[in-house]
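Following: one structure in structure tokens, then a few remarks.
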Amino acid sequence: MGRKVHDFISKNCNNDFVISTRLITMYAMCGVPLESRFVFDHLERRNLYQWNALISGYTRNDLWGEAVLLFVELLVGENTPDNYTFPCVIKACGGLSCLVLGQAVHGMLIKLGLDSDMYACNSLIAMYGKCGCISDSVKVFDKIAVRNLVSWNAMICGFSENGLKEESFIAFREVLMGEGDLRPDVATLVTILPVCASDGELDMGMVIHGLAVRLGLDHEVMVNNALIDMYVKCGCISDARILFDKSVSQNEVSWNVMINGYSREGNVYGTFCLLREMQMEGETMRANAITILNVLPMCLEQSQLRSLKELYGYTFRNGFEYDEMVANAFVAAYAKCGAFTSASNVFYGMEIRTVSSWNALIGGYAQNGDPRMAMESFVEMTSLGLDPDWFTIGSLLLACSHLKSLNDGKVIHGFVVRNGLGVDSFIGISLLSLYIRCREPLHARIVFDGMEERNLVSWNAMIAGYSQNELPYSVIDLFCKMQQDRIQPSEIAIMSMFTACAQLSALRIGKEVHCFALKENFVEYDFVSSSIIDMYAKSGCIEHSRRVFDKFSFKDLVSWTVMITEYGIHGRGEKAIELFEKMKREGFNPDGLTFIGLLMACSHAGLVEEGLKYFSGMLEEHNIEPKLEHFACMVDMLGRAGHLDYATRLIEEMTEEPDSGIWGALLSACRIHSDMDLGEKVSKKLLELDPNQAENYVLVSNLFAGSGRWDDVRRVRGKMKEMGLSKDARRSWIDVDGKVYNFLIGDDKLPESEKLHETWRELEQKIVRIGYIPDTVSVLHELDEEEKVNILRGHSEKLAIAYGLLKTTKGTTLRIYKNLRICGDCHNAAKLVSKVVHREIIVRDNKCFHHFREGQCSCGDYW
DNA sequence: GTAGGGTTAG
């Protein structure tokens, strides 16, 4: 129709200014800006109206570059732009996200004195928003004398695009409640609804839904679609579907949004049904490239490779595989399903490979278990002269962290610093995680402290990183700082706190965090619950652990395994077995880790027969191949029970080469049962296999010390010194009223040390009356008896017990943590003390728990 | 001034 009118005009009144301006506009509105350009180029005379019409036509059709070029042409031709030209050009600058250009145009606007024009200001607000300079948007907004709805909409949009969710809600409320007589329109609602959608703000979304109904805007197709999308993203698929079915008018977006809803849920059937229905809608409704991208999330699980291939077939038949984004998404999706060959086929089948395409490939390899290929692909990419962007860098850092390649990581870190990407939060967090994985928490902290902005993810990464590097004090410290900074902790930081409390046996803090977790509903997460169970157990409260476990309604294999393992550490072998059987009855299949817990439980409790039965059942009943750790448990169990020959035979029958853990277990057994012949052979093997571990030398030295071979002891200790190895000092600590007190062996530096030694001597007198005899065999040094007795008196666990009795009220249970194994003498003394003072004393050593009560220990003196 | 998509972090 437009063309016919054009033909008529060409014949009759070609050079009329008004008519040719209208023609240019008409073609632009019909989505054919090339025709507008044709008209423009064939004009004999031009005025500003026609330049403006074409620039505006370009921006209407998202041809930002062309709009800006035409504007430059206009200036070169010594024309002066007017208040109609500027909004269009500024919009184009925003479209290009080109701040420098936008600022230049803004400067020109000021020079011409047009900077109080509302239309220009509204475009400026939007432009600065799109260029990430939201503070400049605010400045312009504040300066406008009279603001209209568009000014507010632009502001809301800018806040939302810059991730300032709260600010966009505040601006939205201003529109509703403000002095101006403003009513939200379609644009307002369509801008604010995605803010609700992106963060699951269902309540706010529903309020806006009600508002849309009252304003009579809910039947507008764009509003309706934004509402459907909001319900989908908030997880209310059925509500979304009701709106979708009720829609008065629909377009492709409506269908795509609904399909995306089913797809995100992993609902294969629902997704494909809707896709089929969409095709049956006929000519009016066509699937497009975005439809494909909306179906994709459904196929991202390992098991959905078939659906993914089917979808690729559909894509191919409809010619969408040429869409760059679709192709990139398939590369990433195939990689996620582990189908690297298909990913690479799609990738190398593409006509043009942009940096994004390379990112899809490199990211696919980095995330899904082939970090080496990620690095190789990067080399190939750079050899083609392509520069990495921050997505590429992020994936490379991930690959380095999987490879634990600190050196490559540092090279990339250098690149990041030189290119000023260090401020990007994604890159910062990726760097931080790299250093954490490479066990360089200090480096990680430097990156963390250097971040311009810290978000929840960066706090979590740093806190969880400390926990993974076994730095519990740092976890607690940073957690407190997080709260000072008013960052609301999430389930990940909470889990790290439980792990830290478990490492420290810090019961009091652990309980506080438990209250917090209950209040915030974090206990519903399986990994949080497992960490609570662990915290109570490691703080000596195994009954608390069981109570948490029983109350937890989403038990998974991990929680069962944790509970079984904790029973083992507490020497409650029968309980562990009982729970293991219950777990099987409830339909859970044990894995390798479950068996480590179970076998350790049998070992600690001396349940050799049961242990052997479960060990053989691993392969026979559960098809789990025993690994080195399982053999180590068995050797430990058999050795401690005195079956050294059986243990030796088991090692000989292993198909895998035994490691230092296994030889170490056998060596401990040799010491307990004073088997020097075997012990010496094993010592040799152990020190050959792993000569850099201090513990191994200590084991060997203790073997000799136990039978008084002091020359050999000196030889081994000398060797250890020569190697520059030292073992941790013997330490104990006790939690009194939430504060942790540390004790070293023979510690005289404590403020109350005189009082402590006195208390212990009084206790000693009391326990001597009921049969305590100092067990000087535990002193593995070449000294005379009296000196040995004195050394025994200074053992850190005795000091901790004395301190606990001094500082706590009658009846309080003492919970003590020892960093190495408790010695025989302290074990005996603790039993007797528990009897004379009528207190429960719980000692956690580096292997297991001892609950001393009324002269007995839960381990049955078997440890 | 405006709705739907993919690639990086705990």
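Since the model is a prediction, treat every value here as computed from it, not as a measurement.
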- Item | Length of the CZ-P vector between A:Arg264 and B:dG4, whole Å | 11 Å

- Query: Do A:Asp389 and A:Asn359 meet the criterion of a side-chain donor-acceptor pair at a distance under 3.5 Å?
  - Reply: yes

- Item | A:Asn256 (side chain) and B:dA3 (base): donor-acceptor pair under 3.5 Å | no

- Item | Residue A:Asn460, side-chain heavy atoms: nucleotide from B:dA3, B:dG4, B:dG10 that is nearest | B:dG10

- Query: If every non-hydrogen atom of A:Met298 is compared with every non-hydrogen atom of A:Ser263, which pair is closest and at what distance?
  - Reply: N-OG, 3.0 Å

- Message: Can you say whether a donor on the side chain of A:Thr291 sits under 3.5 Å from an acceptor on the base of B:dG4, or the other way round?
- Response: no

- Item | From B:dA3, B:dA9, B:dG6, nucleotide with atom closest to A:Leu293 side chain | B:dG6

- Base, sugar-phosphate, or nothing: which does A:Leu398 touch, judged by heavy atoms less than 4.0 Å apart? sugar-phosphate

- Task: Send over the distance from A:Phe244 CZ to B:dA3 P, rounded to a whole Å.
- Result: 20 Å

- Query: Which part of the nucleic acid, if any, lies within contact of A:Asn455, taking any heavy atom under 4.0 Å across all strands shown: a base, the sugar-phosphate backbone alone, or nothing?
  - Reply: base

- Note on the structure: Checking B:dG10, B:dT2, B:dG4 against the side chain of A:Thr191 (C-beta onward), the nearest is B:dT2

- Task: Grab the CD1-P distance between A:Ile487 and B:dG10 for me, whole Å please.
- Result: 18 Å

- Pick base, sugar-phosphate or nothing for A:Ala226, based on heavy-atom distances below 4.0 Å to the nucleic acid. nothing

- Message: Over all strands shown, is A:Asn225 touching base, sugar-phosphate only, or nothing at heavy-atom distances under 4.0 angstrom?
- Response: base

- Query: Under the criteria of a ring-centre distance below 5.5 Å and an interplanar angle below 30°, is A:Phe391 stacked with the base of B:dT8?
  - Reply: no

- Message: If you only use heavy atoms from C-beta on, which nucleotide in B:dA3, B:dG5, B:dT2 is closest to the side chain of A:Pro194?
- Response: B:dA3

- Task: Ignoring the backbone of A:Pro297, work out which of B:dG10, B:dG6, B:dG4 is nearest its side chain.
- Result: B:dG6

- Here the distance between atom C1' of B:dA9 and atom CG of A:Asn359, to the nearest Å, is 15 Å

- Note on the structure: Atom CZ of A:Arg60 and atom C1' of B:dT2 are separated, to the nearest Å, by 13 Å

- Query: Does OP1 or OP2 of B:dA3 have a side-chain N or O of A:Lys233 closer than 4.0 Å?
  - Reply: no

- Nearest listed nucleotide, side chain of A:Ala187, among B:dG10, B:dT2, B:dG4: B:dT2

- Per A:Asp323 side chain, nearest of listed nucleotides B:dT2, B:dA9, B:dG5: B:dG5

- Roughly how far, to the nearest 0.5 Å, is the CG atom of A:Asn148 from the CG atom of A:Leu182? 8.0 Å

- Query: What are the two closest heavy atoms between A:Gln488 and A:Met482, and how far apart are they?
  - Reply: O-CE, 4.1 Å

- Query: Looking across every strand, which nucleic acid part, if any, lies under 4.0 Å from A:Asn122 by heavy atom: base, sugar-phosphate, or nothing?
  - Reply: nothing

- Message: Rounding to an integer number of Å, can you tell me how far A:Phe378 CZ sits from B:dT7 C1'?
- Response: 15 Å

- Task: For A:Ser490, answer base if it contacts any base atom (sugar-phosphate contacts may also be present), sugar-phosphate if it contacts only those atoms, and nothing otherwise; contact means non-hydrogen atoms under 4.0 Å.
- Result: base

- Message: Tell me if the aromatic rings of A:Phe244 and A:Trp255 count as close, with their centers under 6.0 Å from one another.
- Response: yes

- Query: Nearest-Å distance, CD1 (A:Ile290) to P (B:dG5)?
  - Reply: 8 Å

- What is the nucleic acid contact for A:Asn224, judged by heavy atoms within less than 4.0 Å: base, sugar-phosphate only, or nothing? nothing

- Query: Side chain of A:Glu252: nearest nucleotide among B:dG10, B:dG4, B:dG5?
  - Reply: B:dG4

- Spacing between A:Met222 atom CE and B:dA3 atom C1', to the nearest angstrom: 5 Å

- A:Ser430, nearest nucleotide to its side chain (from B:dG10, B:dG4, B:dA9): B:dA9

- Query: If every non-hydrogen atom of A:Ile259 is compared with every non-hydrogen atom of A:Thr291, which pair is closest and at what distance?
  - Reply: CD1-CG2, 4.0 Å

- Query: How is A:Ser356 classified with respect to the nucleic acid when contacts are heavy atoms under 4.0 Å: base, sugar-phosphate, or nothing?
  - Reply: base

- Task: Answer with yes or no after comparing the ring centroid distance for A:Phe448 and A:Trp459 against a 6.0 Å cut-off, counting only values under it.
- Result: yes

- State which of B:dT7, B:dG5, B:dT2 makes the closest approach to the side chain of A:Lys336. B:dT7

- For A:Ala126, which contact category applies under a 4.0 Å heavy-atom criterion: base, sugar-phosphate, or nothing? sugar-phosphate

